[in-house]
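Working notes, beginning with the structure itself.
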Amino acid sequence: MGDIYDNVIELARRRGFVWPSSECYGAVAGFIDYGPLGAMLKRKIENLWRGFYIIREGYYEIEAPTVGVESIYIASGHVKGFADKMCQCPVCKEYHRADHIADEHGTAHADSLSTEELAGIINGLPCPSCGEPLENADVFYFNLMFQTTIGPGSQRTGYLRPETAQGIFIDFNRLSRFYREKLPFGAVQIGKSYRNEISPRQGMIRLREFTQAEAEIFIHPDHKDHPEFSRYADYSVSLWGQTHQMQDIEPVTPTMREAVDSGLVANEYVAYYISLTHEFLTQVGINPKKLRFRQHLPTECAHYALDCWDAEIFSERFGWVEAVGIADRTDYDLKAHAKESGDKFSVFVPYDEVRYEQRRTIVPDMGALGPHYRGKAKAVADALIESEPGPDGATITLDGESLFIPADLYQIREETIEVRGEEVIPHVVEPSYGIDRILYCTLEHAYEEEDVEGEIRKVLHLNPAIAPVQAAVFPLMNKDGLDTIARNLALELQKTGILAQYDDNGAIGRRYRRQDEIGTPYTITIDYDTLKDHTVTLRERDSMQQVRLLASTVPETLSRLIQGTLPFAEAGRKI
RNA sequence: GCACCGAUGGUCUAGUGGUAUGACUUUGGCCUUCCAAGCCAAUAGCUCGGGUUCAAUUCCCGAUCGGUGCACCA
């Protein structure tokens, strides 16, 4: 057999976590189906995430369409920037990045050239694969966004979103109103995003349709101290900064306070979400020893991002997998949408005290300007307002012509203006989670093959909070009324919101193994003692230990076990 | 996209120019007083399309998916 990946994926397929999509018509790379247990697991991971970001941080969730009009992605830069300029070698048919080829042969800023310019430059250069000259090779765009058209016969172009973030940015003004126009505030979105990857490999790691959980937190550009920073000030995580990477030295583990003060992490907001991400991922079940935070190198950091850290999870198969990106995107996106849409993407921030400013305004005398300049009067007035008048009059430029306006055609007013605050374009701190990657890594870290008396026991050590099935109820024997008692107990559990499977098929050991494989944390068995004293056994998946307790207390006890507020040893009498 | 390798019940596999082996799983039954025990039975398969052939799961070509390398990863 292969490595742990093969074993995990085999189990995931067999037991209904993850399946290839549209199998009966031939599966398509980059798309997967979540089966019954996978969909449940995914939802539980998402709900744990909601617990952090919505309930604790107070950033409400929105849901925007996955199809967006072209303008959104023109503004965000995806229409232009999310495309690669490619060319194909006429000899070996290999595809290459045209700008990379030009770059290697000494062309500066090749990525900013047009396709025509690039085609001219690479013409005759050797193909990086076969070495033959690239004769008259076309340079064309390959955009990684899925394109569609909106409406019948419509010329309106739409794109499937390549990230959920833009849906939040373009709702900025509505959100600002919702939060009563007070920074900081944030919104989150969990949903599908789409990227038409050239070569999606690596199973669930690189998908063409994937789920993101993103938070966009709008903060004042001059106040990047997180109000709740004390929560994580003493928290320490493994940080692999730019300088560590370039000098090839190990990550360091300072406290967040130290990391911010030393300048390793740009500000408290970024540090706060690094810690929160660490806490979230370890709660999901990621092994903290296989988790590190790596700072983007200057070359890979998007040009607008001020600081960017990836949470990387170690996979036996894929190495360090980028699962979360935490970036300070500054005001890049809001400015871009302001420019493209013409709307204002800012918040009015009042000063602590009202300021008074002396201001000199020029008030044109339209009654005099009108008859004098006729059709040009309006333009003259506008130019006048912007001008710097001398003692006798002002010189303005209109249609390239210099024009002198005598001082009696306008008034100069010295005013004291009350300034209560200013319009501020917030900076955006963005923690962005790849749920599918987290889910895979969780499975991989939870998976264990244990040798029990010569048999291999496959167990998913899933955190009870995210296990798709929380409990199973077995009658020891399928007779003497044990089965009825077991069924009734399963019903009782379901009434308290616990997903409990009833299973009476096969030997008891086999039933335990089945539940171990899907990560069910607790199993309850009804035996002959139950008939005498109404007690049942409760078995813990990880230790295989059992305790005995009254059947009537099982729902309450299980709830507390799942919440983590009751240690298993105290759940009942040891056997 | 390219090159190489692979694809047989749900899973893992044997094998073949004449529609297929075994194990595990699953389901039903018997048995069974707590960790994949035993017995009986049942269900279930040659990735897809084309070609060669009387006949293709097998040979050839192509596609799809998976793996590896190249390229790509805003």
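In what follows, chains carry the letters A, B, and so on, assigned in the order in which the sequence lines appear, proteins first and then strands, with residues in each chain numbered from 1.
Under the Watson-Crick or G-U wobble criterion, with both distances below 3.5 Å, G1(B) is paired with C70(B). Base pairing annotation: U64(B) forms a Watson-Crick or G-U wobble pair with A7(B), both donor-acceptor distances under 3.5 Å. Under the Watson-Crick or G-U wobble criterion, with both distances below 3.5 Å, A42(B) is paired with U26(B). With a 3.5 Å ceiling on both atom-pair distances, the Watson-Crick or G-U wobble partner of C59(B) is G51(B). A37(B) is unpaired under the Watson-Crick or G-U wobble criterion, no partner having all donor-acceptor distances under 3.5 Å.
Between the C1' atom of U13(B) and the CG atom of Asp6(A) lies a distance of 15 Å, rounded to the nearest Å. One interatomic measurement links the two molecules: NZ of Lys458(A) to C1' of U11(B), which rounds to 8 Å at whole-angstrom precision. Rounded to whole Å, atom C1' of U25(B) lies 15 Å from atom CD1 of Ile518(A). Rounded to whole Å, atom P of U33(B) lies 18 Å from atom CZ of Phe474(A). Atoms CZ (Arg208(A)) and P (U64(B)) sit 11 Å apart, rounded to a whole Å. Summarising the geometry, the separation between CG on Leu476(A) and P on U32(B) is reported as 12 Å, rounded to the nearest angstrom. One interatomic measurement links the two molecules: OH of Tyr522(A) to C1' of C35(B), which rounds to 18 Å at whole-angstrom precision. Across the protein-nucleic acid pair, Glu540(A) atom CD and C34(B) atom C1' stand 16 Å apart, rounded to whole Å.
Rounded to whole Å, the separation between the C1' atoms of A63(B) and C39(B) comes to 48 Å. Nucleotides G22(B) and A14(B) have their P atoms positioned 14 Å apart, rounded to a whole Å. U19(B) and U8(B): their C1' atoms are spaced 12 Å apart (whole Å). Comparing the C1' positions of C12(B) and C72(B) gives an interatomic distance of 35 Å, to the nearest angstrom. Remark: the separation of the P atoms in A20(B) and G62(B) is 30 Å, to the nearest Å. Taking atom C1' on both C34(B) and U26(B), the two are 22 Å apart, rounded to the nearest angstrom. For the C1' atom pair drawn from G45(B) and G15(B), the interatomic distance equals 14 Å after rounding to whole Å. Spacing between C46(B) and U11(B) at atom P, rounded to whole Å, works out to 12 Å.
Ranking U11(B), U26(B), C35(B) by closeness to the Ile508(A) side chain, first place goes to C35(B). Each of C35(B), G10(B), U32(B) was ranked by its minimum atom distance to the side chain of Met477(A); first place goes to U32(B). Nearest nucleotide to the side chain of Arg513(A), out of C34(B), A36(B), U11(B): A36(B). Of the candidates U32(B), U26(B), C34(B), the closest approach to any side-chain atom of Arg514(A) belongs to U26(B).
Using a 4.0 Å heavy-atom criterion, one finds that Arg15(A) contacts no nucleic acid atom at all. The residue Arg539(A) sits close to a base: some heavy atom pair falls under 4.0 Å. Residue contacts shown for Asn505(A) are limited to sugar-phosphate atoms, with no base heavy atom under 4.0 Å away. Using a 4.0 Å heavy-atom distance criterion, Leu11(A) is classed as making no nucleic acid contact. Within 4.0 Å of Glu517(A), counting heavy atoms only, lies at least one base atom of the nucleic acid. Residue contacts for Glu197(A): at a heavy-atom cut-off of 4.0 Å it reaches no nucleic acid atom on any strand shown.
Atom NZ of Lys335(A) sits in a sparse spot, with 12 or fewer heavy atoms from other residues, nucleotides or ligands closer than 6.0 Å. The number of heavy-atom neighbours closer than 6.0 Å to CZ of Arg548(A), taken from other residues, nucleotides and ligands shown, is above 12.
Judged by closest nucleotide on RNA chain B, Ala507(A) is the one of Ala507(A) and Pro20(A) placed further toward the 5' end. Nearest-nucleotide positions on RNA chain B for Ile526(A) and Val28(A) put Ile526(A) closer to the 5' end.
One distance of note links OG1 of Thr530(A) with CG of Asp480(A); it measures 12.0 Å at 0.5 Å rounding. Here the CD atom belonging to Gln212(A) is positioned 6.5 Å from the CD atom belonging to Glu163(A), to the nearest 0.5 angstrom. Within the model, atoms OH of Tyr502(A) and CG of Asn488(A) stand 10.0 Å from one another, a figure rounded to the nearest 0.5 Å.
For A37(B), one of the phosphate oxygens OP1 or OP2 lies less than 4.0 angstrom from a side-chain nitrogen or oxygen of Arg510(A). For the OP1/OP2 pair of U25(B) and a distance below 4.0 Å, the side-chain nitrogens and oxygens of Arg13(A) include no atom meeting the criterion.
Judged by a 6.0 Å distance limit and a 45° cone about the ring axis, Arg294(A) is not positioned over the six-membered ring of Trp320(A).
Classification of the Phe169(A)-Phe218(A) ring pair by plane angle, with boundaries at 30° and 60°, yields perpendicular. Taking the six-membered ring where the residue is Trp, Tyr5(A) and Phe318(A) present perpendicular rings, their angle passing 60° and hence far from 30°.
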